[in-house]
Amino acid sequence: MDHLTENNLTAEALEYPLCSEWKENPEGSMFHLAHILLVLGCMGGSGFYGLLYMFSFLTLGFFCYSMWAWSDPCTTDSFSWTFALFAFCLAQVVHVSYRLRRATFDKEFQDLYDYMFKKLGVSLTHFGKIVECCEGDVYTIDKDHCFAVEGKTSIDKLSVLISGRIRVTVNGEFLHCIYPFQFLDSPEWDSLRPSEEGVFQVTLRADNRCRYVAWRRKKLYLLFAQHRYIAKIFALLVRNDIAEKLFSLNDKAFDISGFRYDLRLPSFCHGPEPEIENTSESRPVLGPSKTKPAERDS
């Protein structure tokens, strides 16, 4: 009997030697720090920076949780799970950092994205495809050099001015200026079909040193065929740019008395109609009938 009692006591001693009762003292600071980091990690947003924020805090939180679990001999399962989650979150941090590095652009392309594409909701992934289409090249035009000459330069690309100012003239007469983040050749681009060819009808000359980005027509149309979303974005940007250029001409439309015309009015687009001469060949204008009432009845 005494032998059985001793065996039972030994089994009870071996079973949960340190976890037979609830702990009276609170857990250590590592336990609480881990949960604080996990809560901060759950507040991450969307996008590359949001994912990087979220997985960074989750990685730190699960690492602290693993350290706490390792120090407690009764939490072997907790250590295994938290360490596995720590490794998973660390791998996600590395993966998101690599994708973010690929989506990081030079300052000029970053400015182009912030000013033109970001407000339309274009993601960095799609913008990266747009940058790859132009091979990430930025071209330079020195002062008084021409980007295009009327009647000579072929329309084989679509370009956006990054810095500087371009003067547009036709037959030596000034039309308007092109400023940063405006297309250099949007009217020419929109006037041609993909299979057509043409030349510039205006001259584009640099007022100062200019920098611009250019996409070749064939490569850009190939990108449009692969990504319809990008094609719609460019169509919206080009047409909006053309509208801005047309209304910039409205500021220069004055008559002799100083009255400003409105390009939207048909009177500006059409000249006065020629007066019709009142000859025998012209159709007579019908006037009020002078027939007597009796003759009308007959």
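FYI, the numbering just counts along the sequence from 1.
- Results of the side-chain hydrogen bond (donor to acceptor under 3.5 Å, both in side chains) test with Asp156 over Lys218, Arg216, Arg217 single out Arg216 as the only residue that passes.
- There is no path of hydrophobic side-chain contacts, each under 4.5 Å, that joins Ile178 to Val149.
- Side chain of Arg205 to main chain of Asp144: a donor-acceptor pair is present (N/O by atom type, distance under 3.5 Å, no hydrogens or angles).
- Within a 6.0 Å sphere centred on CZ of Phe83, other residues, nucleotides and ligands contribute 12 heavy atoms or fewer.
- Heavy-atom contacts from other residues, nucleotides or ligands closer than 6.0 Å to OH of Tyr115 number 12 or fewer.
- Remark: Val131 pairs with Phe105, Phe109, Phe127 by the side chain to side chain contact (heavy atoms under 4.5 Å, CB included) rule, at least two apart or across chains.
- Applying the side-chain hydrogen bond (donor to acceptor under 3.5 Å, both in side chains) test to residues at least two apart or on different chains, the pairs with a partner in residues 187-204 are Glu150-Thr203.
- Contact of the Val213 side chain with the Ile162 side chain is registered, since non-hydrogen atoms from C-beta on lie closer than 4.5 Å.
- Smallest separation of non-hydrogen atoms from Leu58 and Cys89: CB-SG, 3.7 Å.
- Sorted by first and then second residue, the pairs that involve residues 232-244 and meet side-chain hydrogen bond (donor to acceptor under 3.5 Å, both in side chains), not counting sequence neighbours, are Ser186-Asp241, Asn240-Glu244, Asp241-Lys245.
- With sequence neighbours excluded, no residue satisfies ring pair (Phe, Tyr, Trp, His ring centres under 6.0 Å) with Tyr179.
- With sequence neighbours left out, the side-chain hydrogen bond (donor to acceptor under 3.5 Å, both in side chains) criterion links Glu108 to Arg211.
- Side-chain contact check for Leu52 versus Ser97: some heavy-atom pair is nearer than 4.5 Å.
- With Asn208 contributing its side chain and Arg165 its backbone, the two residues share a donor-acceptor pair below 3.5 Å.
- Shown here is Phe147, whose CZ atom has more than 12 heavy atoms of other residues, nucleotides or ligands within 6.0 Å.
- Side-chain atoms of Trp215 never come within 3.5 Å of backbone atoms of Val160 as a donor-acceptor pair (strictly under, hydrogens ignored).
- Residues Phe117 and Leu112 form a side-chain contact, since some pair of their non-hydrogen atoms from C-beta on lies under 4.5 Å apart.
- Residues Tyr229 and Val122 are in side-chain contact: their nearest non-hydrogen atoms beyond the backbone lie under 4.5 Å apart.
- Within 6.0 Å of NZ on Lys219 lie more than 12 heavy atoms contributed by other residues, nucleotides or ligands.
- As a member of the Ile/Leu/Val/Met/Phe/Trp/Tyr network built from side-chain separations under 4.5 Å, Ile36 groups with Leu33, Leu37, Val39, Leu40, Met43, Tyr53, Phe57, Leu60.
- A donor-acceptor pair under 3.5 Å links the side-chain atoms of Asp185 to the main chain of Ser159, judged by distance alone.
- You'll find the side chain of Arg209 stays beyond 4.5 Å of the side chain of Lys143, heavy atoms only.
- Counting heavy atoms from C-beta on, the side chains of Leu220 and Cys133 come closer than 4.5 Å.
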